Amino acid sequence: MPRKATPADIKSAAAIHDQTLIRGNGGELHQVTEGETEVLTTALGTPVSDDQNTLKIGERGPTLIEDFHFREKIFHFDHERIPERVVHARGYGAHGFFETYESLAKYTRADIFQRPGEKTPAFVRFSTVAGSKGSFDLARDVRGFAVKLYTKEGNWDLVGNNIPVFFIQDAIKFPDVIHSVKPEPDRNFPQAQSAHDNFWDFISLTPESMHMIMWIMSDRAIPRSFRFMQGFGVHTFRFVNADDESIFVKFIWKPKLGMQSVVWNEAVKINGADPDFHRRDLWNAIKSGDFPEWELCVQLFDQDFADDFDFDILDPTKIIPEEIIEPMPVGRLVLDRMPDNFFAETEQVAFMTQNVPPGIDFSNDPLLQGRNFSYLDTQLKRLGSPNFTHIPINAPKCPFHHFQQDGHMAMRNPVGRANYEPNSWGQGPRESPQRGFRSFADAEGGQKVRLRAESFADHYSQARQFYDSQTEPEQRHIAMALTFELSKVETPVIRERMVAHLLNIDDTLAQTVADKLGIRTMPNPADAAMPPRDDLEPSPALSIINNGPNSFKGRKIGVLVGEGADAGLLKKLRQAAKAEGTTVEIIARRVGGVKGSDGDHIEANHMIDGGPSVLFDAVVLLVSEESAEVLAKETAAKDFVSDAFAHLKFIGFVAGAEPLLASAGVAADADEGLIALESAGSVQPFIEACRKLRLWTRESAVKL
Ligand code: HDE
């Protein structure tokens, strides 16, 4: 028998209500007072009286199916997930704008490039490729760099990566390369890792991937954050101007803050300490008003250049070195707003390579041609209806008129009689040969064949050029990454096959990897479809270290403080960091913080176990001798110091910190990366030293 709510029920509901915090207009949290919150309703607006208990027969009885509120709530919850992207599942997006520098009307009629200073709304999604949605951020992987530009003549999606080449030359191989890198189908591991047999088996049987392998084994595949990586359109595209003349174009995004990567040992530890390292970095930067920025550069070239160039400009495993065609900056992209809702925007955003406005066109790159099919197809699977363009994040921001109608979840429906054209009712839009998208009228001809062009046959020369263009530490990292990955391969013949490929790239690299893997008999070089060239000039633009930012802007210093920490020095450090554009975060034994030398409280951002030095670009040890001795006994504090040293970071310290340094096995005078902060005057030189980001000369000492 139904019973009236007892005083106990009313009391518990009131208690829940009293504990509810809501945000005021200024964003501050405060406790609700009666009448302040909106009444909870069902999806159809029926007010709900009790959201804590299902409708039952008697207080211990069975639940009634008539409880429509419960059923609707659970039904909706059960259907909250949509299929994650088959690749690039883990991603993070932000809004911003693109600002055009100069008119490019000479080259393209694309509306976005016509007026200097014009701002076009943009949405960008960064991603990893192999891992699933919940995987960690610092996988060794390519990063997606997908940009949606809401231009006045339709959405332009430049769906790029942070690496300018790809594993394969023909789209028909995409399912194979992706299947090979994903968790193996019988055991369903490893997650978000290429270090396993299937991947290297496929790669060792696919010589065209060798250039990409050099990039993916380099530090490009473990970026410090999205803000410090380049982006590439990869394929050759076309610009087409108002006279229907065309020029080839390659797109490059260059980060204003310069490039930076982590080291592998650090990546592994970051994944444990903060699996959301990259998304948190973007969130924090944008929320604090430090808006990341990239410059869009174009490499423009004509058919004559294409005919003379060493490689086929349609081959997506090749680059055009910047020293051969200098990238021309044409605008800037600024990310200044996080989505209001991750699912609605970042998860539902649908990028499609075939979204190009008039003035931008495709080349015959066989990978691009295949992508133009795949991206539309995949959105239907993921978003479940051909009306996914009605979702605000995907809808154009310019006027649009068409006769598409109906289908699941149709939000915008035509009014009036005409839903076709031409019609006699004088209703609806008509095509425009002048304004409309016109494909570049390239002459095509030939037999139907399944063939790979001869001009795609050189698989090693640019791999070698990339390797030759790296600094010594970067070359070492490539050797170490290959060794690590192949050490996880259980089948010796796959390791040997890879070494055979490396022999076509660089003998020393091949020998180093073979030695470190303990391969006793060196294999013969792999059969090459075309002999590798050794006459390609190194391209200094390909090195991260050679192109450092010479600034510490956008980076983060972790200051480990102890009781009685020098408040004056901390103040000076905060000032100098602010002037540089660097963030300071405080780490203490307790998150409650410590008392500074001036008696004031120093609030901490992290307790020591939650703020390891891998989360920072440089560290400062601001501890009195007494607190250094206490910290010296704690593993987390010792790791803080020894990791910072091993990861080649600059370490500022006060005299009292020496017991802590000693406990971590770091000599205070080990090298110039250890900087004694003797007085306020030594703070600025410390910040300036940090502009180098890492002390690469330390690497041989720490044997990373
Ligand atoms: Fe993609 N790729 N891709 N890809 N790709 C997808 O589309 C595909 C390739 C890239 O943040 C999918 O919406 C094929 C190159 C990014 O939402 C899918 C081939 C480059 C993103 C797809 C490639 C990319 C994707 C999966 C070989 C760099 C994430 C979900 C021909 C230029 C976009 C989706 C986002 C996503 C297909 C190769 C970049 C399945 C068939 C090369 C950044 O359609």
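Because the structure is a prediction, the values reported are computed rather than measured. Atoms within each ligand, like the ligands themselves, are counted from 1 in listed order.
In summary, T353 places no N/O/S atom under 2.8 Å from atom 1 (Fe) of ligand 1, failing the contact criterion.
Among all non-hydrogen protein atoms, the one lying nearest atom 26 (C) of ligand 1 is V87 CG2, 3.6 Å. Annotation: atom 44 (O) of ligand 1 to nearest protein heavy atom, S374 OG, 2.9 Å. For atom 17 (O) of ligand 1, the nearest non-hydrogen atom of the protein is R85 NE, 2.7 Å. At the shortest separation from atom 34 (C) of ligand 1 among protein heavy atoms lies T378 CG2, 3.3 Å. Looking only at protein heavy atoms, the nearest one to atom 11 (O) of ligand 1 is R125 NH1, 2.6 Å. Counting only heavy atoms of the protein, atom 9 (C) of ligand 1 lies nearest to R371 NE, 3.3 Å. In terms of protein heavy-atom proximity, atom 25 (C) of ligand 1 is nearest to H88 CD2, 3.2 Å. Protein heavy atom at the shortest distance from atom 3 (N) of ligand 1 is Y375 OH, 2.8 Å.
Test F113, W156, F232, F98 against F251 for ring pair (Phe, Tyr, Trp, His ring centres under 6.0 Å) and you get one pass: W156.
Across all their heavy atoms, I203 and M210 have their closest contact at O-CE, 3.5 Å. Shortest non-hydrogen contact noted between I544 and M259 is CG2-CB, 3.8 Å. The minimum heavy-atom distance between I478 and Q470, with the atom names listed, is CD1-CG, 4.1 Å. Across all non-hydrogen atoms, the minimal contact from P366 to L314 is CD-O, 3.6 Å.
Taking the six-membered ring wherever Trp is involved, the centroid distance between the rings of F239 and Y107 does not fall below 6.0 Å.
By the 4.0 Å N-to-carboxylate-O rule, D290 lies close enough to R227 to be salt-bridged with it. Salt-bridge check for R452 with E208: passed, with a basic side-chain N closer than 4.0 Å to an acidic carboxylate O. In summary, R438 and D361 do not engage in a salt bridge, as defined by a charged side-chain N under 4.0 Å from a carboxylate O.
Every atom of ligand 1 with a heavy atom of F351 under 4.0 Å away is listed here by number and element: 11 (O), 17 (O), 33 (C), 35 (C). Those atoms of ligand 1 that come under 4.0 Å of a heavy atom in G144, given as number and element, are 43 (C). Ligand-side atoms of ligand 1 in range of V86: 40 (C), range being under 4.0 angstrom from any heavy atom. The atoms of ligand 1 that sit less than 4.0 Å from any heavy atom of A171 are 31 (C). Atoms of ligand 1 found under 4.0 Å from any heavy atom of V159 (numbered from 1 in listed order, with element): 10 (C), 16 (C), 21 (C), 28 (C), 32 (C), 39 (C), 43 (C).
Heavy atoms of F174 found under 4.0 angstrom from ligand 1 belong exclusively to the side chain. At a heavy-atom distance under 4.0 Å, only side-chain atoms of Q379, from C-beta outward, approach ligand 1. When non-hydrogen atoms are compared, ligand 1 lies under 4.0 Å from the side chain of V234 (C-beta onward) but not from its backbone. Under 4.0 angstrom from ligand 1, the non-hydrogen atoms of L367 come from both its backbone and its side chain.
Below 30°, between 30° and 60°, or above 60°: for H402 and F400 the angle between ring planes is below 30°, a parallel geometry.
Between the choices A350, A89, G160, the shortest heavy-atom distance to atom 43 (C) of ligand 1 belongs to G160.
Side-chain N/O atoms of S204 and R497 include a donor and acceptor closer than 3.5 Å. Donor-acceptor pairing under 3.5 Å is recorded for the side chains of R238 and S246.
On a distance-only criterion, S127 and ligand 1 share no N/O pair closer than 3.5 Å.
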